[in-house]
K.L.:
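One structure coming up, written as structure tokens, with questions to follow.
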Amino acid sequence: MTNTKPVRIRIAPSPTGDVHVGTGRTALYDYLFVKQTGGTFIMRIDDTDLARNTAHAEAGVYHGLHWLGLDWTEGPDKGGPHAPYRQSERLALYQQYAEQLLTAGHAYYCYCTAEELEALRALQTAAKEDPRYSGKCRDLSASAREALSASGRIPTIRLKVKGKVIGFDDLVRGWIETDTSLMGDFIIMKSNGIPVYNYATVIDDNLMEITHVTRAAEHIVNTFPQLLIYAALGWPTPFFAHFSTMLNEDKSKLSKRKGATFIGQYAEMGYLPEAMVNFLAFLGWSPGDSDEEMYTLDELVEKFSFARCTASNAIFDIKKFDWLNAKWIRKLAPEDLAKRILPFLRKAGLADADVDINWLTRMTTLIQERMVRLDEAPAVAAVFFQEPAAVPEEVRAVLGSVDGGAMLSAVASVLSKVNWTEADIEGALRSLQGELGLSTKVYFMTLRLAVTGSKVSPPLFASIEVIGRERVLRRIENLRDLLGTALSDIL
RNA sequence: GGCGCGUUAGUCUAGUGGUCAGGACGCCGCCCUCUCAAGGCGGAAUCACGGGUUCGAGUCCCGUACGCGCUACCA
């Protein structure tokens, strides 16, 4: 099976308004391979399941994929030589080929009702037989069909299945086969005129000249009936690649209850698209020739291959994703990071749209390696925007017998005169420590508490610089006053 | 139940007959240090089980167990 035709791969999401992470990863792999081979990436909206359609929420799907940095060249939004790209708009096509199958004798009308079929299944199950269609309507005469029609029954269309061993060479798993004599004739067109997934997929993939059918492992067994349809239509089969399934920590299928399942949710939590792409790529694939763990989309395009995809299921480990996201945050240029955290700061009510970007960038360098996710920025950066809560009790515990009031007065005096740069502030403060003869722990912790209101903060000297002389002095004096009044209250 | 896929530390993985089974996350310890991070160094922890094949098996074959998927007029 060689294929020298230009690569064409499709992603076929349901319009649910967001992108499931599994779909996102498949789309990513598709994109990587397409870019690598100079092929074409196609968006096809799979909206034949009316129950699953959320008010034509295609935009959300596009948005999620675009956020990852993925784009396509044919689709409902782009047009293309094989339009329409929505399955709901291709119904006539499915009907047309179903009729072709009918006249060729590869398919037939089945008048059994859903209830009858269910009853048959129940019977077979009870008798410990494998539930499968009996073939009851397979050889109905024309008059029998008319009579059934006249009685108000609307038929489905079934494909005739001949028992034999069939298989295909999966790009990530190798040869996979099964015996179709276990299968039974299956429905390709429902009585409401809507095609069944396995059938619509084959029609579209062939008509759209898809060369590589890529999807999650749960579709492996769907490939068999699809193979039968290709054969019945006399069509060549594409390559198939089935990726591993992504699971929750408890090995269950990814679900909302057990963590975020959609790309958009991760964006809101402050994960970087760079990190998401990187993480998703490594969940079920690895470069194999390097220990490097950070890859950009472009680098992945270069290295990706189906052969290096893993066949076993992968658990979505949020801890590792956190680590990778933090790495990516640290890798960003500060001004870039500043722009990305701004929406989170604004949402938290800390910053305005007109915040000085130079100051924000400087501030960002202080919190850059203290964030795992962007949504942590407000908490870490609050000290630069809001006056800290009073903490005299904590300070007193740190001071012990040291005279805090005197120390803070001395600090304020030094800071009111020092040249306002991080280096000069540090120099002045350190030499004052020597003059006062205070321990590092007491001196700096008291200072930290005074300036930031917390025992944990970004680096002190730089923070002092960023917060600004006026506000720093006010905070120090504030605390000194609090210590004084509190003391006098006790006395 | 039947069929399909899978199984290297808690997790993601490297490994395609001969390696002390490598890397990473997480965890623990130490160092650095104005706190917290980041960073550096070190540590504990793995071939699901049983049979074969072979001089030699994580690697090949068979079986068992376990997990996942499909078994719909869902996709």
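Remember, it's a predicted structure, so these values are computed and weren't measured experimentally.
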K.L.:
Identify, with sequence neighbours excluded, every residue that meets side chain to side chain donor-acceptor pair (under 3.5 Å) alongside A:Ser305.
P.N.:
none
K.L.:
Can you pull the ring-ring contact (aromatic ring centres under 6.0 Å, His included) pairs that have at least one residue in residues 361-385 of chain A, sequence neighbours excluded?
P.N.:
A:Trp359-A:Phe385
K.L.:
If pairing requires Watson-Crick or G-U wobble contacts with both distances under 3.5 Å, which nucleotide is the partner of B:G67?
P.N.:
B:C5
K.L.:
Of all residues at least two apart in sequence or in a different chain, which pass the salt bridge (Lys or Arg N to Asp or Glu O under 4.0 Å) check with A:Asp317?
P.N.:
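Counting only residues at least two positions away or on another chain, A:Asp317 forms no salt bridge (Lys or Arg N to Asp or Glu O under 4.0 Å).
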K.L.:
Taking the side chain as every heavy atom from C-beta outward, state whether A:Leu68 and A:Ile263 have any pair of such atoms under 4.5 Å apart.
P.N.:
yes
K.L.:
Under a 3.5 Å threshold, yes or no: a donor from one side chain and an acceptor from the other, between A:Gln226 and A:Tyr230?
P.N.:
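Per modelled atom types, A:Gln226 and A:Tyr230 side chains form no pair under 3.5 Å.
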K.L.:
Who does B:C20 pair with, Watson-Crick or G-U, both distances under 3.5 Å?
P.N.:
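Partner of B:C20: none.
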K.L.:
So which nucleotide from B:G23, B:G6, B:G4 ends up closest to the side chain of A:Glu293?
P.N.:
B:G23
K.L.:
I'd like to know if A:Thr245 reaches the base of B:C68 with its side chain such that a donor and an acceptor end up less than 3.5 angstrom apart.
P.N.:
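No.
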K.L.:
May I ask you to say what A:Arg308 touches in the nucleic acid, namely base, sugar-phosphate or nothing, with a heavy-atom cut-off under 4.0 Å?
P.N.:
sugar-phosphate
K.L.:
Can you sort out the partners of A:Arg330 under salt bridge (Lys or Arg N to Asp or Glu O under 4.0 Å), two or more places apart, ordered by chain and number?
P.N.:
none
K.L.:
Start at the 5' end of RNA chain B and walk down; is the nucleotide closest to A:Lys190 or to A:Ser286 reached first?
P.N.:
A:Ser286
K.L.:
Counting the atoms with a prime plus P, OP1 and OP2 as sugar-phosphate, which does A:Ser191 contact under 4.0 Å by heavy atoms, base, sugar-phosphate, or nothing?
P.N.:
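Contact class for A:Ser191: base.
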K.L.:
Any idea which of B:A75, B:A72, B:G4 is nearest the A:Phe224 side chain?
P.N.:
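The answer is B:G4, which lies nearest to the side chain.
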K.L.:
Under 4.0 Å between any heavy atoms, over every strand shown, what does A:Arg173 touch: base, sugar-phosphate, or nothing? Just pick one.
P.N.:
sugar-phosphate
K.L.:
Quick check for you: among B:G1, B:C5, B:A37, whose closest atom lies nearest to any side-chain atom of A:Asp130?
P.N.:
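Given the options B:G1, B:C5, B:A37, the side chain of A:Asp130 is closest to B:G1.
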K.L.:
Kindly write out the residues that satisfy salt bridge (Lys or Arg N to Asp or Glu O under 4.0 Å) with A:Glu426, not counting sequence neighbours, or none if the list is empty.
P.N.:
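By the salt bridge (Lys or Arg N to Asp or Glu O under 4.0 Å) rule, A:Glu426 matches A:Arg430.
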K.L.:
Counting only side-chain nitrogens and oxygens, does A:Arg121 get under 4.0 Å of the OP1 or OP2 atom of B:C73?
P.N.:
yes
K.L.:
For the pair made of CG in A:Leu247 and C1' in B:U7, what is the distance, rounded to whole Å?
P.N.:
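In whole Å, B:U7 C1' lies 13 Å from A:Leu247 CG.
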K.L.:
If you look only at distance, which donor and acceptor atoms sit under 3.5 Å apart when one is on a side chain in residues 271-279 of chain A and the other is two or more places apart or in another chain?
P.N.:
{"residue": "A:Tyr271", "atom": "OH", "partner": "A:Asp322", "partner atom": "OD1", "Å": "2.5"}
{"residue": "A:Tyr271", "atom": "OH", "partner": "A:Arg373", "partner atom": "NE", "Å": "3.4"}
{"residue": "A:Glu274", "atom": "OE1", "partner": "A:Arg340", "partner atom": "NH1", "Å": "3.0"}
{"residue": "A:Glu274", "atom": "OE2", "partner": "A:Arg340", "partner atom": "NH1", "Å": "3.3"}
{"residue": "A:Glu274", "atom": "OE2", "partner": "A:Arg340", "partner atom": "NH2", "Å": "2.6"}
{"residue": "A:Asn278", "atom": "OD1", "partner": "A:Tyr295", "partner atom": "N", "Å": "3.0"}
{"residue": "A:Asn278", "atom": "OD1", "partner": "A:Trp328", "partner atom": "NE1", "Å": "2.9"}
{"residue": "A:Asn278", "atom": "ND2", "partner": "A:Glu293", "partner atom": "O", "Å": "3.0"}

K.L.:
Tell whether A:Asn222 reaches the base of B:A75 with its side chain through a donor-acceptor pair below 3.5 angstrom.
P.N.:
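Result: at least one qualifying N/O pair found.
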K.L.:
Test of understanding: with salt bridge (Lys or Arg N to Asp or Glu O under 4.0 Å), list the residues that count as partners of A:Arg44, not counting sequence neighbours.
P.N.:
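Applying salt bridge (Lys or Arg N to Asp or Glu O under 4.0 Å) to A:Arg44 gives A:Asp204, A:Asp205.
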K.L.:
With the sugar-phosphate defined as primed atoms, P, OP1 and OP2, and the base as all remaining atoms, what B/S/- string results for nucleotides 43-48 of chain B, 5' to 3', for protein heavy atoms under 4.0 Å?
P.N.:
------
K.L.:
Specify the residues of residues 438-448 of chain A, ordered by number, for which at least one heavy atom lies under 4.0 angstrom from an atom of RNA chain B.
P.N.:
A:Thr440, A:Phe444, A:Met445, A:Arg448
K.L.:
Output yes when a side-chain donor or acceptor of A:Thr446 lies under 3.5 Å from a complementary backbone atom of A:Val395, and no otherwise.
P.N.:
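No; judged by distance alone, with no hydrogens or angles, the pair does not exist.
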K.L.:
Report yes if a side-chain nitrogen or oxygen of A:Arg370 is closer than 4.0 Å to either non-bridging phosphate oxygen (OP1 or OP2) of B:A38; otherwise report no.
P.N.:
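Answer no for this pair, as no side-chain N or O of A:Arg370 is under 4.0 Å from OP1 or OP2.
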K.L.:
Return the nearest nucleotide to the side chain of A:Ile176; candidates are B:C70, B:C5, B:C73.
P.N.:
B:C5
K.L.:
Contact class for A:Glu118 vs. all strands (heavy atom < 4.0 Å): base, sugar-phosphate, or nothing?
P.N.:
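Result for A:Glu118 = nothing.
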K.L.:
Applying a 4.0 Å non-hydrogen cut-off, can you work out what A:His219 is touching in the nucleic acid: base, sugar-phosphate, or nothing?
P.N.:
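The answer is base, as A:His219 lies within the cut-off (heavy atoms under 4.0 Å) of a base atom.
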K.L.:
Can you list, in residue-number order, the parts of residues 313-335 of chain A that come under 4.0 Å of RNA chain B, counting heavy atoms only?
P.N.:
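Nucleic-acid contacts, sorted: A:Asn313, A:Ala314, A:Ile315, A:Asp317, A:Lys319, A:Lys320, A:Trp323, A:Arg330.
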K.L.:
May I ask you to list the residues of residues 452-463 of chain A, by number, that have any heavy atom positioned under 4.0 Å from an atom of RNA chain B?
P.N.:
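Going residue by residue through residues 452-463 of chain A, the ones with a heavy atom under 4.0 Å of RNA chain B turn out to be A:Lys455, A:Val456, A:Ser457, A:Pro458, A:Pro459, A:Leu460, A:Phe461.
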K.L.:
Which residue pairs pass the ring-ring contact (aromatic ring centres under 6.0 Å, His included) test when at least one of the two sits in residues 157-176 of chain A, sequence neighbours left out?
P.N.:
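Residue pairs with at least one partner in residues 157-176 of chain A: A:Phe168-A:Phe224, A:Phe168-A:Phe240, A:Phe168-A:His242.
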K.L.:
Contact class for A:Cys110 (heavy atom, under 4.0 Å): base, sugar-phosphate, or nothing?
P.N.:
nothing
K.L.:
Scan A:Pro155 against the nucleic acid and name what it touches under 4.0 Å (heavy atoms): base, sugar-phosphate only, or nothing.
P.N.:
nothing
